[in-house]
Amino acid sequence: MDERSVAQAARDAVPRAEQAFRRLPRMEIPEKPSLDGLEAKWSARWDDGAVYRFDRTKARAEVYAIDTPPPTVSGSLHMGSVFGYAQTDTIARYRRMRGDEVFYPMGWDDNGLATERRVQNFYGVRCDPSLPYDPDLVPPEKPGKQAVPISRRNFVELCDRLVVEDEKKFEELWRGLGLSVDWAMTYTTIGERSRRASQRAFLRNLARGEAYQAEAPTLWDVDDRTAVAQAELEDRELAGAYHGVAFHGIGAADDIVIETTRPELIPACVALVAHPDDARYQSRFGTEVTTPLFGVTVPVLSHALADPEKGSGIAMICTFGDTTDVVWWRELQLPTRNIMGRDGRLVADPPDWGPAGPEAAKRYAELAGKTAKQAQARIVELLEESGELVGEPKPITHPVKFYERGSRPLEIVTSRQWYFRNGGREPELRDAFLARGRELHWHPPHMRQRYESWVEGLNTDWLISRQRFFGVPFPVWYRLRPDGEVDYDAPMLPTEDQLPVDPSSDVPDGFRADQRGEPGGFIGDPDVMDTWATSSLTPQIATGWGDDDDLFARTFPMDLRPQGPEIIRTWLFDTVVRAHFEHDSLPWRDTTINGWILDPERKKMSKSKGNVVTPMPMLEQHGADAVRYWAANGRPGTDTALDEGQMKVGRRLAIKLLNASKFALGVIGDAATDAPVTEPLDRSMLAALGELVRDVTSAFEEYDYARALERTERFFWGFCDDYLELVKQRAYGTTGESGAGSARAALATALAVLQRLFAPFLCYVTAEVWSWWQDGSVHRQPWPEPGDADGHAAGADALDYVVAAEVLGAVRKVKSEARRSMRAEVTHVAVTDTPDRLEALARIEADVRGAGTIAALDTAPGDAFAVVVDLADEPAA
RNA sequence: GGGCGAUUGGCUCAGUUGGUUAGAGCGCUGCCUUCACACGGCAGAGGUCGUGGGUUCGAGUCCCGCAUCGCCCACCA
């Protein structure tokens, strides 16, 4: 038995609180129950009563800790988030009712490029780090045509200001949705705790060799002017063209024609490459050719990655056109001829072309300063003029790498960056992370495939530095040599108790502020960490790692990470990496992966498609319980359409619960509810209810909240349509006090169970109906046990309730087809059925006759169920 | 190119280890001005379970192939 099971067993051994849920002496049931106003009323009461407050005196084994991925607060609220977070909340509420102390904090992911972009668009500004700080800066009312350049510090201040506003809106939304998070425990990924945790973890990674700095070719976004990581790439199909380009051998017949989609990179060419087995180029390996237009000498080489099927089977290697170039460049140990600037334009100063340099430079002069696209157009013209363009360009579409939020293709530039090891270059480490993936419990299990294919496909380490402004700075300074050059080899680091630091304003030990930027002095690392480098520590940040050791000991490793499928390769994997390094453990035991939210046309919702639905109007129109109902109907990991019809159904269910509760409690009235349950129908219903509790509980244990809801709902509609109708007359006392007492006890028992089963889903309406007759919040009640229901019905026959409902249904059908009222008198009913079912019918005949207004009922044994109904004549109008 | 998931009435989806006439809601049709509920209730019509094989006494459910859709991964000249 593991630690958790021991704790569970200990809890189970404690005598449970009053199980019968006796009604309060004085019930307060509205004359006309309504959903209106319930959300405001109960949100306020939950706050006042600290219903969802985490009790930090509980031991780890008693705690259920949920690592909610902080939503990105920049940008608009999205129905997809509502979908996932509402689902998670049903789990949280279930665990809480099971007796777990639920640790359920909420964070806001506010640092990073997403926020910067929002600030740029919202205020119409852009950050220019060369500008001085303006303490009196007032941002433009409305963004103008030209972005206003402001200093880095001003820019960060605007970021800080805007995220506070955004976070208020998010909290308002989540509160309205009824998320049972402890709002006293929010955090932000740019907040001090997050900065301290990020920097502390980084320093430890660095000390252990898990973080390192390297100068290397890097995927680069020319618009945001920052390096980006493999995890942030996406492929997009782009129109392009194969250009046949002639490279020259010794004789005119020795031309080698290559096909390229990027002729503008000819000046960056360092070699040609073909497959070693390719007969066409066997004789050329080891020889040299000269590039078209520029006349630069490059070798012809062989490499297994070259694909004989592609183009003419031989490719030019440029530094750098794509990631394959980087592989060839590294493995064939080629020189670098960089022409691509960080602004996406060809650099002014040409690379080293050797002897051909002076001539080549003349050609290059008119390309310098052009964008890749402009340069390509011009170079094609030049190739045509020189006759080195072979044939017409052949249009193709091909996948091109983009930054996922970018608008222009990524370039590859060489730059100095920070990395975390993640197995991309070390098979053993990669295997360790694959093992972690198998150690984690995935719901649904097949989602692990995405993790595996991502980890198996890693080909670089995790690039964490960004040349941006609003993020956690690297806690690193560098010495400046006497000649002013930066000494990257011996970075200066703060101690952990100094964190968080900002190296652009803080000064390393042993230096004075006026030595910043001076030869012999120091400079701070100018970069910030990518947002994932902080987000990957949310389990540590939320649980107070290093800041609150007591809390950390009670909550880490956490139990559950709920999240969307699109961030398995980033958030989930990165978080596994960090916990593996720092704690040699998983960050959590389970993960639930929700599905996509699709629009009514079954298209994935995304901003670019313009089909995003904002959640606030949905909540206002249908109500939180209705929206939660819709979300909870989306099965784990299954894509779900945005369906307002489902929300209407949810709303109707909530109203039904109001009215059925009112009715049942009205029937019970002032009478006692502790009479023995003696009537077969009551006992049979409670037996079925006990089965329901078993079923729903096991569904929740498997994280299948959708099944739990569906089963509860199905039982409840039958309970309303059949049981309440069947028991109505007897409960009013028309057949005597014993039968009435049994009915009232069964009604009270069923109501107490059903209201609690619905509580994780319909959190507002269940709070309301529970309060009519019970003390305390329903959301802090113990989860029903099967015995709460069938404990009152030992030996009951499940058939009784089934047969009663079927016979009643048959009678209703006849009345409906005869276009008569459901109250129409029935003179006689003849039921044919199997003996065991007729026995059941005999036990509950009185209830069936009462509900169907049936004067006489006969039975006859037979093979199949059949009912003949004689209606009384219609009374004269 | 590799992988994962899906394919059930007009729509959205259930269908837990293969077992008698395949379920629900929405929509549609009809009825009921019932004393919990008109933000109702009752009932009805509507499906060769994508397709072709196979295993089995028996397959929506298991196996193989195919098709379509969605997604993930991939070195994309």
Side-chain angles (χ1 to χ4, degrees), chain A residues 29 32-36 235 237-238 240 242 258-262 265 272-274 303-307 310-318 321-328 396 398-401 444 446-459 565-566 568-569 595-596 598 600 602-604 623 630 633-635 637-646 648-649 651-667 695 698-699 702 704 706-707 710-711 713-714 717 720-721 724-725 728 809 812-824 853 864:
Chain A
I29 305 175
K32 185 86 179 162
S34 163
L35 299 179
D36 297 338
D235 287 353
E237 285 291 329
L238 223 57
Y242 276 133
I258 63 105
E259 304 252 332
T260 178
T261 56
R262 300 203 61 183
L265 293 181
L272 298 188
V273 66
H303 191 278
L305 267 183
D307 181 356
K310 212 166 280 180
S312 56
I314 188 162
M316 66 172 183
I317 303 172
C318 305
D322 61 29
T323 51
T324 317
D325 281 344
V326 178
V327 174
W328 281 326
I396 56 159
H398 61 150
V400 178
K401 287 204 186 303
H446 72 253
M447 287 293 178
R448 203 190 83 212
Q449 289 299 328
R450 301 194 182 205
Y451 177 95
E452 298 231 331
S453 41
W454 172 252
V455 175
E456 283 165 358
L458 286 169
N459 53 35
E566 76 282 12
I568 289 174
R569 71 177 186 175
W596 288 116
L598 309 170
R602 292 204 62 78
K603 295 279 187 331
K604 182 186 153 190
W630 158 74
N633 262 294
R635 307 190 101 72
T638 303
D639 296 349
T640 303
L642 177 66
D643 187 350
E644 291 194 65
Q646 279 299 104
K648 287 177 183 157
V649 172
R651 185 177 175 83
R652 203 178 56 160
L653 175 64
I655 291 168
K656 193 75 174 176
L657 188 57
L658 280 178
N659 286 308
S661 297
K662 180 195 167 196
F663 171 67
L665 293 174
V667 167
D695 194 4
S698 79
E702 292 159 31
D704 194 347
R707 195 173 97 213
E710 188 232 321
R711 299 298 155 89
E713 187 186 6
R714 182 187 300 173
W717 281 107
C720 291
D721 293 345
L724 290 183
E725 294 299 326
K728 194 184 272 189
R812 277 198 295 240
K813 177 173 175 175
V814 170
K815 289 180 180 180
S816 184
E817 285 171 347
R819 307 189 165 188
R820 297 287 295 277
S821 159
M822 287 301 127
R823 308 199 73 199
T853 54

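Protein chains get the first letters and strands the later ones, always in sequence-line order, with residue 1 at the start of each.
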Which value, in whole Å, describes the distance between the C1' atoms of nucleotides C13(B) and G27(B)? 14 Å
Contacts of V400(A) meeting side chain to side chain contact (heavy atoms under 4.5 Å, CB included) (sequence neighbours excluded), chain-then-number -> L238(A), H398(A), F402(A), P409(A)
Output for pair (C318(A) SG, R262(A) CZ), nearest 0.5 Å, gives 8.5 Å
Whole-Å distance, R711(A) CZ to G25(B) P, equals 15 Å
Taken in chain and number order and not counting sequence neighbours, the residues that satisfy side-chain hydrogen bond (donor to acceptor under 3.5 Å, both in side chains) with S821(A) are none
Which whole number of Å gives the distance between the C1' atom of G19(B) and that of U51(B)?
-> 25 Å
Taking for G457(A) and for I396(A) the nucleotide of RNA chain B with the nearest heavy atom, the one nearer the 5' end belongs to G457(A)
key: Integer angstrom distance from the C1' of G60(B) to that of U7(B)   = 11 Å
Note, RNA chain B 5' to 3' with Watson-Crick or G-U pairs under 3.5 Å encoded as ( ), [ ], | and . gives (((((((..((((.....[...)))).(((((.......))))).....(((((..]....))))))))))))....
Contacts of R652(A) meeting side-chain hydrogen bond (donor to acceptor under 3.5 Å, both in side chains) (sequence neighbours excluded), chain-then-number -> none
L724(A) CG to C37(B) P, in whole Å, measures 13 Å
When rounded to whole Å, the NZ to C1' distance for the pair K815(A) and C32(B) reads 11 Å
side-chain hydrogen bond (donor to acceptor under 3.5 Å, both in side chains) filter on S661(A), not counting sequence neighbours, yields Q755(A)
Original post:
Base, sugar-phosphate alone, or nothing: which one does A306(A) contact when heavy atoms must sit under 4.0 Å apart?
Top reply: base
Nearest-Å distance once atom P is located in both G58(B) and G40(B)
48 Å
note: R819(A), atom CZ; C31(B), atom P; distance rounded to Å ~ 5 Å
_Give me the distance, rounded to whole Å, that separates U48(B) from G5(B) when you measure between the C1' atoms they each carry._
26 Å
For nucleotides 39-44 of chain B, print each protein N/O atom paired with a nucleotide N/O atom at under 3.5 Å, atom names and distance only.
residue	atom	partner	partner atom	Å
G41(B)	OP1	K656(A)	NZ	3.4
C42(B)	OP1	D721(A)	OD1	2.6
C42(B)	OP1	D721(A)	OD2	2.7
C42(B)	O3'	R812(A)	NE	3.2
C42(B)	O2	S816(A)	OG	3.4
G44(B)	OP1	K813(A)	NZ	3.3

Fill in: K648(A) and E644(A) ion-paired at < 4.0 Å
no
**OP:** For K815(A) and R820(A), indicate whether the former's side chain and the latter's backbone hold a donor-acceptor pair under 3.5 Å.
**Re:** no
CH2 of W328(A) to OG1 of T324(A), rounded to nearest 0.5 Å, is 5.5 Å
E713(A) meets the side chain to side chain contact (heavy atoms under 4.5 Å, CB included) criterion, sequence neighbours left out, with Y629(A), V649(A), L653(A), W717(A)
| P atoms of A43(B) and G25(B), separation to the nearest Å | 10 Å
Next on the checklist: Using a heavy-atom cut-off of 4.0 Å across all strands, would you classify E725(A) as base, sugar-phosphate, or nothing?
Outcome noted: base
Taken to the nearest whole Å, CG/N633(A) to P/C13(B) is 10 Å
Discussion item. C71(B), OP1 or OP2 - any side-chain N/O from R450(A) closer than 4.0 Å?
Written reply: no
From CG of D639(A) across to C1' of G70(B) the rounded distance in Å is 7 Å
Of C26(B), A77(B), C75(B), the nucleotide closest to the side chain of L305(A) is C75(B)
All N/O contacts under 3.5 Å from nucleotides 17-23 of chain B to the protein, with atom names and distances to one decimal?
none

W630(A) atom CH2 is separated from A24(B) atom P, nearest whole Å, by 25 Å
task: For nucleotides C62(B) and A14(B), find the distance between their P atoms and express it as a whole number of Å.
output: 15 Å
Contacts of K813(A) meeting side chain to side chain contact (heavy atoms under 4.5 Å, CB included) (sequence neighbours excluded), chain-then-number -> E817(A)
Residue set satisfying side-chain hydrogen bond (donor to acceptor under 3.5 Å, both in side chains) with D704(A), at least two apart, ordered chain then number -> none
Picking from A77(B), A36(B), C72(B), the nucleotide nearest the side-chain atoms of D322(A) would be A77(B)
Below 3.5 Å, can you tabulate the donor-acceptor pairs from side chains in residues 452-459 of chain A to any protein atom, sequence neighbours excluded?
residue	atom	partner	partner atom	Å
E452(A)	OE2	R438(A)	NH1	3.4
E452(A)	OE2	R448(A)	NE	3.2
E452(A)	OE2	R448(A)	NH2	3.4
S453(A)	OG	Q449(A)	O	2.9
S453(A)	OG	R450(A)	O	3.4
W454(A)	NE1	R569(A)	O	3.3

Across all chains, not counting sequence neighbours, the side chain to side chain contact (heavy atoms under 4.5 Å, CB included) partners of E259(A) are Y242(A), S312(A), K394(A)
Q. Would you call K728(A) and E725(A) a salt bridge, taking side-chain N to carboxylate O under 4.0 Å as the test?
A. yes
Rounded to whole Å, CZ of R707(A) lies from C1' of A24(B) at a distance of 16 Å
OP1 or OP2 of C75(B) versus the side-chain N and O atoms of N459(A): is any pair under 4.0 Å? yes
Between A24(B) and C42(B), how far is it from one P atom to the other, in whole Å?
13 Å
* Asked: So what does V327(A) touch, heavy atoms closer than 4.0 Å: a base, only the sugar-phosphate, or nothing?
  -> nothing
Side-chain atoms of R635(A) come closest, of G15(B), C37(B), C32(B), to G15(B)
